[in-house]
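See below for the structure under consideration.
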Amino acid sequence: MKNFSRFTLLSLLFLYLFFGNCIVGNFSSVYAQDDWKQEYSSVCAKTQNAMILTPEELKSYIDRCDKLLALINELEGEQAATEKKVYTKRVKMCRELYQFALEYKEHK
Amino acid sequence: MKKAIFTTALLFAIIGIAFAQTGVKKRRPLPFEFGRVVINNYSEASHIAPVVFDHWLHRAKFTCRLCHVDIGFGMKAGATDIKARDNINGYYCGTCHNGTRVFGDTSVFSSCKEGSGKMNATCNRCHSLGKNVTRKYDFREFVKGWPRERLGNGVDWEKAEDRELIIPYDYIEGVSIKREKLIVQQDFKIAPKVEGMPDIIFSHDKHTFWNGCELCHPEIFTGIKKGLTKYSMVDLYEGKYCGVCHINVAFPLLDCQRCHTEKVQ
């Protein structure tokens, strides 16, 4: 009986370490892949207030958009073709609005 | 004999010129057809009926910004290059039409499904050009009792929104970005070129409610200074500037007094 309990405990520990690690590993890799989406949510969140941002802030957002576009262009995987198409357009819209607001402020 | 040939030739020439000048008059769409878009990038090539998209139903439930900015639909039919795979991946139509998305008490039916192969009744709800498909929503029933308008859909969407007959969604969880409240730019006046024509009062407030900022700037209105971009009614009728929306979806350009609102002195 004692041996059976030990065996069960050891089996459970083995299962936890093996599968648990796989699950955590998978989550972290998916999470890492989606870092660019968080950057997208952050960089395009200010479009409503583009006209009250300072030229320095606008330049910083434009720069972040350019870096994000380069990241999106390098996406790989099953959904890459769709994601590239959708997010390139979305980020370009943000970037162009920030550029528009910057030019407006510089010509004012 | 020569006289007869000459007369016949002259007659043909006159008829030819008359027809050439008349051309073919374009039929004005019926209220339920106004804003209809046919999407046929790949459908017919795949032996499937093209998609018929009705703007009236979607604009009653969602802002233009939500679909054309957050979801990423282009402003011209066919410009988005939508593939079934995109919908299956949960983008474009598949953003909402995924069988799980719920708005109010309505569960949205699923669009293209993986491996379905054959066309079924659900496919026909969108891929319906040339088919006799009964729609879930009947236009006349849907807009019954709403404020009327002479042209377009025959609905005054602006009044419908003011009276809260429609409360369009502007945010979809997992798709839209949480943004701060929009700081609305001031309304301004545009002087028309034709003398005696009332000035246009452009309302940023009304437009930003539906469109946000990036739908119009800078793609449609590139000018950074008021009055810098010169455009005429001809440009608008060619689908540029205001004409991007105010030909096919928003109230049409024929409704002059909707824009030319300032009293003539």
Side-chain angles (χ1 to χ4, degrees), chain A residues 30-31 33-55 57-59 61-62 64-65 68-69 72-73 75-108, chain B residues 41 63 65-75 79-95 112 114 170-171 173-186 204 208-209 211-229:
Chain A
V30 168
Y31 197 76
Q33 280 172 5
D34 279 358
D35 275 356
W36 65 269
K37 281 189 184 171
Q38 287 185 358
E39 172 63 357
Y40 158 71
S41 297
S42 165
V43 80
C44 290
K46 296 284 179 189
T47 53
Q48 305 285 73
N49 300 332
M51 292 303 274
I52 59 161
L53 296 174
T54 64
E57 284 172 319
L58 287 165
K59 279 176 191 165
Y61 279 116
I62 292 166
R64 282 172 66 186
C65 283
L68 186 56
L69 282 168
I72 292 167
N73 199 36
L75 285 177
E76 286 174 359
E78 198 188 329
Q79 298 208 356
T82 308
E83 283 179 334
K84 273 184 196 178
K85 190 163 60 174
V86 172
Y87 284 97
T88 299
K89 184 174 188 285
R90 288 189 195 176
V91 178
K92 273 187 179 168
M93 282 179 108
C94 304
R95 192 207 179 280
E96 283 163 12
L97 181 72
Y98 292 139
Q99 184 72 42
F100 176 82
L102 178 66
E103 282 173 24
Y104 172 81
K105 282 173 185 282
E106 285 178 345
H107 285 84
K108 208 175 175 181
Chain B
N41 292 78
T63 62
R65 199 203 63 78
L66 186 71
C67 300
H68 290 284
V69 176
D70 290 355
I71 298 178
F73 285 108
M75 296 294 281
T80 317
D81 193 36
I82 309 162
K83 293 176 180 167
R85 169 58 52 193
D86 299 328
N87 293 331
I88 294 164
N89 284 344
Y91 292 95
Y92 299 124
C93 313
T95 307
C112 315
E114 190 131 34
D170 192 42
Y171 180 87
E173 191 66 44
V175 178
S176 307
I177 301 171
K178 283 199 171 83
R179 291 180 171 96
E180 288 168 38
K181 201 173 181 296
L182 177 72
I183 296 163
V184 179
Q185 300 294 302
Q186 283 182 336
H204 256 118
T208 47
F209 169 81
N211 305 319
C213 306
E214 62 266 58
L215 190 56
C216 302
H217 298 293
E219 196 178 329
I220 300 172
F221 291 95
T222 49
I224 50 165
K225 204 175 167 189
K226 284 182 193 88
L228 202 68
T229 314

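Computed from a predicted model, the values in this text were never measured in an experiment.
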Inset, instruction - Can you establish whether the number of heavy atoms outside A:Glu106 located under 6.0 Å from its atom CD is more than 12? - result: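 Check passes, neighbour count above 12.
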
Inset, instruction - Assess whether atom CD of B:Glu219 is packed by more than 12 heavy atoms of other residues, nucleotides or ligands within 6.0 Å. - result: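 Not more than 12 within 6.0 Å, no.
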
Legend entry - Check: A:Lys105 side chain, A:Met51 main-chain N or O, donor-acceptor pair, under 3.5 Å: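 Yes, the answer is positive, given that a donor and an acceptor are paired below the 3.5 Å cut-off.
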
Legend entry - A:His107 side-chain N/O to A:Glu103 backbone N/O, donor-acceptor pair under 3.5 Å: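 Yes.
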
Inset, instruction - Evaluate whether the separation between SG of B:Cys112 and SG of B:Cys93 stays below 2.5 angstrom. - result: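 No, B:Cys112 does not link to B:Cys93 through a disulfide.
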
Inset, instruction - Among A:Lys46, A:Glu78, A:Lys89, single out the residue with the greatest number of heavy-atom pairs under 4.5 Å to chain B. - result: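 The option with the most such pairs is A:Lys89.
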
Legend entry - Greatest number of heavy atom pairs closer than 4.5 Å to chain B - which of A:Glu96, A:Gln99, A:Met93: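 Most heavy-atom pairs within the cutoff with chain B belong to A:Met93.
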
Inset, instruction - Please round to the nearest 0.5 Å and tell me the distance separating atom NZ of B:Lys178 and atom OG of A:Ser41. - result: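 So the NZ of B:Lys178 and the OG of A:Ser41 are separated by 10.0 Å.
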
Legend entry - Under 4.5 Å from a heavy atom of chain B, the part of A:Tyr98 involved: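 Neither; nothing under 4.5 Å.
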
Inset, instruction - Measure A:Lys85 against the heavy atoms of chain B and call it side chain, backbone, both or neither at under 4.5 Å. - result: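 A:Lys85 touches chain B through backbone and side-chain heavy atoms alike.
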
Counting only non-hydrogen atoms closer than 4.5 Å, does [X] touch chain A with its backbone (N, CA, C, O), its side chain (CB onward), both, or neither?
X        : answer
B:Phe73  : backbone
B:Ile177 : side chain
B:Asp70  : backbone
B:Ser176 : neither

Inset, instruction - Mind ranking B:Thr222, B:Asn89, B:Thr208 by heavy-atom pairs under 4.5 Å with chain A and telling me who comes out on top? - result: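 Most heavy-atom pairs within the cutoff with chain A belong to B:Asn89.
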
Legend entry - Heavy-atom pair count under 4.5 Å with chain A, highest-scoring of B:Ile71, B:Thr80, B:Leu215, B:Val184: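 It is B:Ile71.
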
Inset, instruction - Indicate yes or no: at least one non-hydrogen side-chain atom of A:Leu69 is less than 4.5 angstrom from one of A:Thr88. - result: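 In short, these two side chains touch, coming nearer than 4.5 Å.
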
